[in-house]
**Q** 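Handing you a structure now.
Atom set for the values below is all heavy atoms of this structure, side chains included, hydrogens, waters and symmetry mates excluded. First the proteins, then the strands, lettered A, B, ... as listed; each starts at 1.
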There are 2 protein chains.
Amino acid sequence: MATRTRRSQRRTEALSRERIVEAAVELLDAAGEGGLTFRALTERLATGPGAIYWHVANKSELLDAATDAVVAAALAIEPAESPDSPRGKIRAVALGLFDAIDEHPWLATQLATQLSRSPWGSVTPRIFESIGRQVGAVGVPEGSQFTATSALVHYILGAAGQNAANGRVLGPDVDRGEFLDAVSKAWEELDPDDYPFTRSVADQMREHDDREQFLAGIDLVLAGITALHLPNGQASAPPAT
Amino acid sequence: MATRTRRSQRRTEALSRERIVEAAVELLDAAGEGGLTFRALTERLATGPGAIYWHVANKSELLDAATDAVVAAALAIEPAESPDSPRGKIRAVALGLFDAIDEHPWLATQLATQLSRSPWGSVTPRIFESIGRQVGAVGVPEGSQFTATSALVHYILGAAGQNAANGRVLGPDVDRGEFLDAVSKAWEELDPDDYPFTRSVADQMREHDDREQFLAGIDLVLAGITALHLPNGQASAPPAT
DNA sequence: TCCAATCTGGTATGCCGTTCCAATGTTGGA
DNA sequence: TCCAACATTGGAACGGCATACCAGATTGGA
């Protein structure tokens, strides 16, 4: 091993910020938020902490970079059947983020804290821009665009955040059906006096589909925007799921 | 000191789960998420870690308990001018949560993680129930109640989560005006080619009011529910902010 | 009065992020 | 070709954290 060569080639491969972020994402995906430690990182990269700290200021910056990388990748994906209506594009962007959070559950918490900690960071504008452009294209007047876009972004992050971990945090081997069943049962056993509503929708919770539900929420917000911020209901009708 | 007495009176006051949770909330409020350590807790309660661990299984459970306590208190508050319309009540519940998160910024992250970690915990049903009841009262048919309520709850948590920390995480002494100004300026300096929309709403971001904006989003979702899930637009007209 | 159950708080352990630094590899000028 | 500056590495060490352990204090019941 260590066939040291003369040119710019290193023993394994040059350590770089990129490679570190990549490894960080893998660790986060594999073991959740708690899985990213400098110890694990040094082991996986076969190096020491000092080398990592040379490329990255601290753990917080590393998390930000990992978040940024994943979000950028998610927003860059072009949907297979690219929709031409602005509403369709909004749904596509939202679904992209939804899927990204579903694939990287740690994103949910990370986005929530990062959005509030530094709205000037690169993540917020990226998401905001993607949604906002289409909001403008729908025909929302300028004065309402900030409100409408904010509402959409907040809904997306709130919904995706909750749905994300549902399946994963319990362990990747838990059956989704069983999980929903358990929650539904728990809801049905609540005190009928204190929780009449929650009990009554327990079966709807059991049978709901996350993505479908998520899109239904998007359509709800879009319908609200149409109703409140467009002169009439002229925009393209909300597409059927 | 330590005038040890014979009866059931202790030196300071009996240690109890309640007192521990109370102290935890105070520490969280004072110093944020990082402020809650068992060290600080033992110091404030003038005891040792063992005593605390007798009443509380681990830090995670303590955080859950603190979250639960604050949310329960927030939902229990009756608004001064109790609204009689279901929409008004939804707005009141939402504002209650918004204010609670504003007062206890750590709630944002905590709610996000807790909601996804254990939807059967006591927090989710509590919030869900409060909103859901009013959704039913608005006239949403049963089959759509789960969807409508989910959308509202997701929006509330997403929005409150972001707005919450805006003012606090930067330090309690940062002026809100300056903060928004800084963000707005940062947005205005983005690349015009990549971020036309974000640049165009930079001034709206500068002048927006968090609460007002939050309520506008609620109205948006409510309008969407009215449009999509009520036979006609019969429900009480959305209140003017 | 005694005992078992309950409760307390000090001490000890192992992992964490982070710092420090001696040792390496790399590069450009003489 | 050599060497001095520089960039990069990774090992050892530090303080702080959540948590486990346990010896002793306190208590209510027989």
Side-chain angles (χ1 to χ4, degrees), chain A residues 1-25 27-28 30-67 106 109-110 113 117, chain B residues 1-24 27-28 30-67 106 109-110 113-114 117:
Chain A
M1 58 209 72
T3 348
R4 134 172 23 147
T5 58
R6 218 157 297 160
R7 299 293 190 113
S8 58
Q9 187 181 347
R10 311 283 173 78
R11 263 154 301 179
T12 57
E13 192 149 355
L15 195 58
S16 67
R17 186 184 165 96
E18 203 178 36
R19 243 165 58 80
I20 293 175
V21 170
E22 191 184 334
V25 170
L27 283 176
L28 285 165
E33 324 221 13
L36 177 60
T37 74
F38 274 82
R39 298 270 232 262
L41 216 45
T42 57
E43 199 167 328
R44 173 174 282 249
L45 293 171
T47 179
I52 295 174
Y53 271 90
W54 179 259
H55 297 276
V56 164
N58 49 41
K59 186 175 182 176
S60 173
E61 188 188 298
L62 182 54
L63 270 171
D64 286 1
T67 304
W106 49 273
T109 314
Q110 199 52 30
T113 56
R117 187 171 49 224
Chain B
M1 57 208 71
T3 350
R4 127 167 36 139
T5 58
R6 218 157 298 159
R7 299 295 191 107
S8 59
Q9 186 182 348
R10 313 282 173 78
R11 260 154 302 178
T12 58
E13 193 151 352
L15 195 57
S16 67
R17 187 185 165 96
E18 203 178 37
R19 243 164 59 79
I20 294 175
V21 170
E22 191 183 335
L27 282 176
L28 285 165
E33 323 221 12
L36 176 60
T37 73
F38 275 81
R39 297 267 236 263
L41 216 45
T42 55
E43 199 168 328
R44 173 174 280 250
L45 294 172
T47 180
I52 295 174
Y53 270 90
W54 179 259
H55 297 277
V56 164
N58 50 39
K59 187 174 182 178
S60 173
E61 188 188 297
L62 181 55
L63 270 170
D64 286 2
T67 304
W106 48 273
T109 313
Q110 199 50 33
T113 56
Q114 197 163 335
R117 188 171 47 224

**Q** Figure out the CZ/C1' separation between Arg17(B) and dT8(C), and round it to whole Å.
**A** 18 Å

**Q** Output the rounded distance in Å from CZ (Arg19(A)) to C1' (dT9(D)).
**A** 13 Å

**Q** Answer yes or no: does atom CD of Glu18(B) have more than 12 heavy-atom neighbours from other residues, nucleotides or ligands under 6.0 Å?
**A** no

**Q** Check Phe38(A) against Asn58(A) and note the closest heavy-atom contact, atom names and distance.
**A** CZ-C, 4.3 Å

**Q** May I ask you to check whether over 12 heavy atoms, not counting those of Glu33(B), lie within 6.0 Å of atom CD?
**A** yes

**Q** Enter the distance from Ile20(A):CD1 to Leu15(A):CG here, rounded to the nearest 0.5 Å.
**A** 4.5 Å

**Q** Quick check: closest heavy atoms across Gly48(B) and Thr42(B), and the distance to 0.1 Å?
**A** C-CG2, 3.5 Å

**Q** In whole Å, I'd like the distance from the OH atom of Tyr53(A) to the P atom of dA13(D).
**A** 18 Å

**Q** Within residues 31-41 of chain B, which residues have any heavy atom lying less than 4.0 Å from an atom of DNA chain D?
**A** Leu36(B), Thr37(B), Phe38(B), Arg39(B)

**Q** What nucleotide among dT8(C), dG10(C), dA7(D) has an atom nearest to a side-chain atom of Pro49(B)?
**A** dG10(C)

**Q** Output the rounded distance in Å from CH2 (Trp54(B)) to C1' (dC22(D)).
**A** 13 Å

**Q** Establish, with yes or no, whether the OP1 or OP2 oxygen of dT9(D) is under 4.0 angstrom from a side-chain nitrogen or oxygen of His55(A).
**A** yes

**Q** To the side chain of Ala51(A), which of dA18(D), dT8(C), dT9(D) is closest?
**A** dT9(D)

**Q** What nucleotide among dT8(C), dG17(C), dA20(D) has an atom nearest to a side-chain atom of Leu15(B)?
**A** dT8(C)

**Q** For Glu61(B) and Arg17(B), which heavy atoms make the closest approach, and how far apart are they?
**A** OE2-NH1, 2.7 Å

**Q** Whole Å only: how far is the CD1 atom of Ile52(B) from the P atom of dC7(C)?
**A** 15 Å

